[in-house]
Amino acid sequence: MFYSTASGLCLIIAGVKMASQQQQPGGPMSQPGLQQPTSLQQQQQQLSQQQDFDPVHRFKMLIPQLKESLQNLMKIASLNLAHNTSIDNGIKSSDASVQRFDKSLEEFYALCDQLELCLRLAYECLSQSIDSAKHSPNLVPTATKPDTVQTESMSYAQYLGMIKSQISCAKDIHNALLECSKKIAGKGQPQGIM
């Protein structure tokens, strides 16, 4: 019961901190009774949605919960150890209720699993970003942002040429693999009865 209350309190505190970090100086709540402008609310909603999907941000938010869970786990373990020692020494009977160690351990492992998933997702995002930069190093200016044209960016025609060459290379690899698999399948069949 203690853990669920503390965990809920931790989530509330994290939400308050996140909300206070998102506020702009001189922005909302400067005078009582005033509402935030719609565009600022939309920007904050988009920012919070992006942060929900950002594995690094999620990882940073889970670390305090993990610390709290570990502290709770160690506290319950020490209480259970002290209780079992007193029972073994004959000081107390086993009628006293103690908190369940397995539940707190399960909560700790669940948080560890979430952190592991966040790290794996962050690694995958980084790998995709590196691969993207490696296979398409030059930027293509978009129609929505023509003012951001850089000297090293490629034109759309150049980009199409690069994509066509990548598609042709992928088709060549596919055909080579198909031909190889047909040769392997042909060797595996019996030649006939002699």
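- To the nearest 0.5 angstrom, Lys60 atom NZ is 8.5 Å from Asp54 atom CG.
- Smallest separation of non-hydrogen atoms from Phe108 and Ser69: CA-OG, 3.3 Å.
- Each of Leu81 and Leu105 belongs to its own hydrophobic cluster when Ile, Leu, Val, Met, Phe, Trp and Tyr are linked at side-chain heavy-atom distances under 4.5 angstrom.
- For Glu106, the CD atom is loosely surrounded, since the number of other residues' heavy atoms within 6.0 Å does not exceed 12.
- Between the CD atom in Gln158 and the CD1 atom in Ile163 there is a gap of 12.5 Å [rounded to 0.5 Å].
- Closest approach of Gln99 to Ile76, counting heavy atoms only: OE1-CG1, 2.9 Å.
- Remark: Gln71 pairs with no residue by the side-chain hydrogen bond (donor to acceptor under 3.5 Å, both in side chains) rule, at least two apart or across chains.
- Residues Phe101 and Leu79 do not share a hydrophobic cluster, clusters being chains of Ile/Leu/Val/Met/Phe/Trp/Tyr side chains in contact below 4.5 Å.
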Acceptor/donor pairs from residues 112-126 side chains to any protein atom, 3.5 angstrom cut, sequence neighbours excluded:
from: Gln114; atom 1: OE1; to: Arg58; atom 2: NH2; distance (Å): 3.2
from: Glu116; atom 1: OE2; to: Arg120; atom 2: NE; distance (Å): 3.4
from: Glu116; atom 1: OE2; to: Arg120; atom 2: NH2; distance (Å): 2.7

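- Rounding to the nearest 0.5 Å gives a distance of 12.5 Å between CG of Leu178 and NZ of Lys183.
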Give the table of side-chain donor-acceptor pairs shorter than 3.5 Å for residues 168-176, with sequence neighbours excluded, one pair per line with atom names and distance.
from: Asn175; atom 1: ND2; to: Lys171; atom 2: O; distance (Å): 3.3

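- Leu62 and Val56 end up in different hydrophobic clusters when Ile, Leu, Val, Met, Phe, Trp and Tyr side chains are linked at under 4.5 Å.
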